[in-house]
Amino acid sequence: MPSHPNVIDPAFTGEVQRESEQNLALCYQCGNCTAGCPVSFAYDYTVNQIMRLVQAGRKREALSSHAIWLCASCETCTTRCPNDIDVARVMDALRHMARREDMVSEKAVGAFWKSFLDSVEKHGRVYELGLMAAYAGRTGRMFTDVDLAPMALRKGKLGLKAHDIEKIAEIRGIFDRYREQQQ
Amino acid sequence: MNIGVFVCHCGSNIAGTVDTEAVAKAALEYREVVFATDAMYACSEPGQAGIVEAIGTYALDGVVVASCTPRMHEATFRRTLERAGLNRYMFEMANIREHVSWVGKDKAANTRKAAELVHMAVEKLRRNERLQAGEFDIAKRVMVIGGGVAGIQAALDCADGGLEVVLVEREPSIGGKMSKLDKTFPTVDCSSCILGPKMVDVAQHPNITLYALSEVDSVDGFVGNFNVTVRRKAAYVDWDACTGCGECAAKCPSKKTPDRFNEFIGLTTAINIPFPQAIPKKASINANACIKLTKGKCGACAKVCPTGAIRFDQKDELVTEKVGAIIAATGYDLFDFTKYGEYGGGRYPDVITAMQYERLLSASGPTEGHIRRPSDGAEPRDIVFIQCVGSRDKSIGRPYCTGFCCMYTAKQTILTKDHMPDSQSYVFYMDIRSPGKNYDEFTRRAMEEYGAKYIRGRVSAIQPKNGRYLVKGADTLLGRQVEIEADLVVLAVGAEAARGAGELAEKLRISYDPYGFFLEGHPKLKPVETNTAGVYLAGSCQGPKDIPSSVAQGGAAAAKALSLLSKDKLASDPQVSGVKLARCIGCGKCESVCPFGAIEMIEFRGMPKASIIETVCQGCGVCTAACPQGAAQLRHFTDNQILAEVNALCL
Amino acid sequence: MASSLDELKTAIRKALPGLDVVIAWTAGPDALSHAPLFITEEADVARIEWDPRCSQNLAGYLPGLRGKKAGIVAKGCDVRSIVELLQEKLIDREDVVIFGLDCQGAVDARSARAALGSSRGVRDVAIDGASVCFSVNGEPRFFSPGEVLQSKCFGCAGADAGLCDHFAGERGLPPQFGNPPESTLERLEAMDMEERLRFWETQMSRCIRCYACRSACPLCVCQDHCAAQSREPHWVDQTDHPREKLMFQAIHALHTAGRCTECGECERACPMGLPVMTLKRALNRRIKDVFDYQAGIDPNQTPPLFEFREVETNIKEREW
Amino acid sequence: MSPRYAYYPGCSGLGSSLEYDTSTRAMCESLGVELVDIPDWNCCGSTPAHAVDHLLSACLAGRNLEIADGMAEERKLDGIITPCPSCLKNLKTTQRSLSDPEFRRKVEQVLGKPLRAGLPIKSVLQVVVEDLGVEALGRLVKTPLAGMRVVPYYGCIMVRPPRLMRFDDPENPMALDNLLRELGAEVLPFALKTDCCGAALGTVRKDVVARLSGRILDAAVEAGADAIVTACPLCQMNLDMRRPQINRANRSRHNLPVFYYSQLAGLASGQGEAATMMDKLCVSPRLLLNSLAQHTGERA
Amino acid sequence: MSVTEGKELRIIGFLCNWCSYAGADTAGVGRFAQPTDLRIVRLPCTGRINPLFIVRAFMNGADGVLVSGCHPRDCHYSEGNFYARRRLETLKALLPVIGVDPGRFEYTWVSASEGQRWRSVVASFTEQVHALGSMPRFMSGTSLDLCLRPAVQPRVF
């Protein structure tokens, strides 16, 4: 775990609340989210610790955590939170902020998602073979899932050609205008 | 009328933003005001003395005090008037503190406003009447609803104080939740050993009438004169004849009847006496399980009963009791944990409630005090206790802390170790709440001496695994997930309002909170009173409580009832409605809107007329606003008094 | 209408032996408006009149006859007043015999007089489809319904609530006359707030405080205990000021809110021709919208101001 | 009138879960549910889009909603349905977020079109279980799956979060249980029916998927199942195609097949192995299908 | 507060003793500053309010009338405010017909603990009445004013 200076950013809590539309003050640290989280074993911080980091205004630690990128969005935490906090949505918000602040710690996850969206932008739909190639190129992980390829190809589960949609210009327009609005 | 006006400075509270001297000077110009002055603290000893003196000197008939809200000192100044020989209702207050000096910043505007409020008060006072409180007879009896430990205490204290007591209990025996407990915290003494003698006292007290297996059907009347109709449910046994010998239960062939007293973890017979120490010790038949009552055949109990007490044709019976006061002590119910799907929603046989565990621990329980898994009867080794099930959980509408679960869970871990030295208890908790004499020491003992492993975190899910249960929790102090394989899981279910609490509150005309707990008159200063005169609260019906608090509140409610009924007559508030018979045309509109049924139609010289039952009228004035002729008038708030206020303000 | 009248007379003759009195209409001093007739013996029956000049609502006489067996001749709109009296238990159903009639519309005497120029020489009035025919000195003069009929005849529901003990003529929907003339309420709605106040100031300055509106109202049950003249409580001052007179009209409107059937007796009786039913009409409209209630329909209902719902679905309370 | 829905197949239906898409279409046809493909539909954005930005996610999903809206009236559509829970969650989340006028304005700006998004959005499973009733499927059964012991695996988001999905019990869903029982299979209690398989982390964190999916396989075997039945393309891929990776990581030798429920529905109603694309499954169901055929043969 | 500047208007409040009067007290205890135009008449219950009090107030020249009671279901007398709601809702139809702008009359519910809410009700209602200005007065006749006014008008300010 990287060490961080004990810097507290009081505005951070409010930013997360706005972005996620959840009231973080409702969290009383019962740990139910952690208890039910399937990916917790791979986290650097448990979910309730992430919630605590946000409550405590510890922006760097929260946004550069690995946990937020390993969250599988399975919604177990949201479903069982006794205070009705949409915890998965808070994790979403933290990812958005980490990306904007350039603090993505799980580069591979970030890269995979970038490749995924690039594929969507290019074809309108996900072109799985192209996605894998792009992801491999971006991360240098040339052998990712290469063991599955023969089986997938044999079963016809990996389309060899992209299914571009007809009005691909519309999709590109969406991405263009989205990027414009972000600036 | 000679009116005196006293304008209070309240130190600088009023005088800081109101020119009190100018207000007093203005008041001298109002009709019939013969004296006006300002005073530093009107409510103080010298302030009141000044009022008394002015009443004598200026032969005042009425007084206006311009000071704080009447909700604060109206009663104070009314007593002052009485000391000076005036009628207490010849008094009006102008609220120039809360409604003027504390909320307005502009001194000129405030002063103008204060003067107008005084003018309004003077104009009303000019139309005030010298009202006299009436008196009415009262019944020196009290009804206690609910025979748990709080109700038992209240009943015994009232009875010892000389009142006749009617104790109504819904179940076949009194004793309530406490009678189901094995031991009590923090002394670990036997629950039935300390409660039993009190239950026997109830049975033997000459002043107590006990209606078990009975519920309140309806309540009417008012303080001092309630008429309560009690439904005595059919036991299918003549209790006058039943000796409680138990022959019937021994012969009953319906042996697989769910056992309510044992929280459904054991079985009983269709006819039974719920537990050995039951009071009254009488048999009753569960009509849903009885073969005779469901299928028409059998009747084994009737054949063996030595006194011939069985009555298959028995019906519910209604009895009406006249009482002067009512003490509600209806207790609580346990949270239904099947709402938690992640804990199995009731599908896992060895995930049980703490009360069920209590019955397993009890020597008089279905396992005779041996801890056994309900599924296979095996003795468990690893036991997980989960706290806050149905407490502090907004998502299922139970945001409050039940308050006693931390303690009973600690007790149960101790008893577990006592019963099974090789066992291991785990407790998942969020916070340990143990304020109280010897309470925190007790929870520490559970950990330090009895080796209970406390883990700070909630449990997310329970999953069956290899005949055991995988309990998936978190240790938030460690920042890790925790998975424990348990043989038995005990849920510390929270308390919720007793079923039917809302309906009873409606009958008693008392308020209840969103969760169904009855509302006390004031959270600090009237903890056992309600806003309905003559109705008091004891025990967990007001909010979850442990045993000592319930007993204390039972005693407190009894003291209130004794004090109320120590007088021979009660005074009635004269600020009630009255009907001028000459104006009334008998149209009955007032009768149809009265929320209290305080208006009856009478015949007067052959004409229909409305008549107010003054002791029932609460003084809301709904009738006055409904009467087109203005015949019904709420005293002290008559049409003319309010019109005078409106005219004073607007013309 | 002639055959209805015969039917009516036959029914009354038959019922009269069991009744103390029957109230009907007969020719009165005003050629445009028939007067009430109190029948106690059979000879009176011949004097009964039935034509569009039978405008007066006779129901208001019933509470005064309480304790007697009374028959009453009633148009559809009059029956609604009887329903209200029953609802408020001001009359006893078993003591009242209702003779219903197939009304074709009733003349508004004031407008008719204005339209004709004078009431002199009017012998007969008949309604024929879309026009009202006055026979004046043997000459027929035709007018449109909007010129000479009562405003309540427009959109008449003809309801008798199944209440009539006898019915002369054919039951069924009365004639529909199309759009009524513009009402005072509609005129007021076109004004701004101050103009409305001035309107009432002008109107009320003409009021002579005769209380004919109140005396004519079948639902003004208080009569000599009316709040208008009492000092305990002292709602209205005796000063001759439009404000006090309007205050009385507000009292009348609010006291009859949810009970008024808009029978129009108050305006018919007003010697100054003041639009005193306007306030009641405004309240009724609201009561229909908010409480979905109309007076005079069902004797077993409770008027809306004497009951409540915990959740009032049509009330939109303001958020602060 | 037979129900008619706009159908959103999702990207995986073109590739990795072709058999799900194909068998779902066949099942709907035999149930009389008419599917109108959303013309020129695009990817909903899936997990990457909502994980990166809500606006982008809503715009990608929103375009599909807009197209469906456009034809709703003309084609008299009862709603939008999709077989994929992940697509479902994205479409439903988008619909919900659009109730915020400020957000809707932004989305419409990026889309360049106004949005109504008023059609109800459901999973195919929900329509079958709630609207038609599993009995409707039961009536089609020709060769019951007798003797087949299965555990239903719902995945995380078919029923979660409950306030968004509004379908079945979030902790103990029974939709698939009841459906499979109707097909004649023996449905075993399965405690892990809503536990996570690792979802989209497969490519980047194989360790996570190996562990989570491994647990599900362990539990299924322990329960005594012959097969796992699922309703989610991602779950199926993790449990099926990634099986070698899982077995390698956990040193396990699990070989029980993972079906889509729609494949089994087709099989039971007599559509045959080819039509239900049994050959597309990576872990071969051959042995199980053989014994099923034998079982049926014996009874006949 | 802008409305306190300039001329005060005449606003009458009819408040029930148990909830809203106590709520206004709570606002006072909390020192929640309010415009000074409002004068409060204390009644046991909103069910005591005859709508004619409000008509009377407007006839007498009030510029605004505010009624406040316990929230529905919280009435001290259990039903008073339910009757009040119906009566006042009916009154709303009468006022505009006689020339009283609907914005001059409002009713609401404020509990004993809602001091802040009371403050904002008073502030926004006062502002609303100020936006409408003074209630137009009847021009004819002055005799009544003389007979109902106090013998001598206070003129000390």
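Quantities reported herein were computed from a predicted structural model and do not represent experimental measurements. Reminder, nothing fancy here: chain letters follow the sequence lines and each chain counts from 1.
- Atom CD in A:Glu121 sits 9.0 Å away from atom CG in D:Leu56 (nearest 0.5 Å).
- Note that CG of D:Asn90 is 13.0 Å distant from CD of D:Gln95, once rounded to the nearest 0.5 Å.
- Within the 4.5 Å cutoff, the side chain of D:Ser86 has heavy atoms near those of the D:Ile157 side chain.
- Chain D forms more heavy-atom pairs under 4.5 Å with one residue of A:Arg89, A:Arg179, A:Glu180 than with any other, namely A:Arg89.
- With a 4.5 angstrom heavy-atom cutoff, A:Leu148 touches chain D only via side-chain atoms.
- If you measure heavy-atom distances from D:Asn64 to chain A, you find no contacts under 4.5 Å at all.
- Ranked by heavy-atom pairs shorter than 4.5 Å toward chain A, the options D:Leu212, D:Val208, D:Asn42, D:Asp40 are led by D:Asp40.
- For chain A, the nearby part of D:Arg63 is the side chain; its heavy atoms alone come within less than 4.5 Å.
- Of the two parts of D:Cys11, only the side chain, counted from C-beta on, holds a non-hydrogen atom closer than 4.5 Å to a non-hydrogen atom of chain A.
- The candidate with the highest count of non-hydrogen atom pairs below 4.5 Å against chain D, out of A:Asp86, A:Ile168, A:Val109, A:Leu70, is A:Leu70.
- No hydrogens or angles considered: a donor-acceptor pair under 3.5 Å links the side chains of D:Asp21 and D:Tyr7.
- Between the side chains of A:Gln49 and A:Thr46, at least one donor N or O sits under 3.5 Å from an acceptor N or O.
- For the set A:Arg99, A:Lys155, A:Glu21, the entry with the most heavy-atom pairs within less than 4.5 Å of chain D is A:Lys155.
- Atoms OG and OH, on D:Ser213 and D:Tyr153 in that order, are 6.5 Å from each other to the nearest 0.5 Å.
- In this structure, the portion of A:Phe116 lying under 4.5 Å from any heavy atom of chain D is its side chain and not its backbone.
- With a 4.5 angstrom heavy-atom cutoff, D:Leu201 touches chain A only via side-chain atoms.
- Here D:Leu55 is the residue among D:Leu55, D:Thr93, D:Thr47 with the most heavy-atom pairs under 4.5 Å with chain A.
- How far CZ of A:Phe112 is from CH2 of A:Trp69: 13.5 Å, rounded to the nearest 0.5 Å.
- Per-residue counts of heavy-atom pairs under 4.5 Å with chain D were compared for A:Met91, A:His96, A:Arg154, A:Glu170; the largest is that of A:His96.
- Proximity to chain A (any heavy atom under 4.5 Å) is restricted, for D:Arg211, to the side chain, taken from C-beta onward.
- Proximity to chain A involves both the backbone and the side chain of D:Asp53, based on heavy atoms less than 4.5 angstrom apart.
- In summary, the side chains of A:Arg52 and A:Gln55 do present a donor paired with an acceptor at a separation below 3.5 Å, with no hydrogens or angles considered.
- The contact between A:Glu166 and chain D is made by backbone and side chain atoms together, counting heavy-atom distances below 4.5 Å.
- Between the side chains of A:His123 and A:Asp164, a donor-acceptor pair is found at a separation under 3.5 Å.
- Interface summary for chain A: among D:Ala199, D:Pro244, D:Pro161, the most heavy-atom pairs under 4.5 angstrom belong to D:Pro161.
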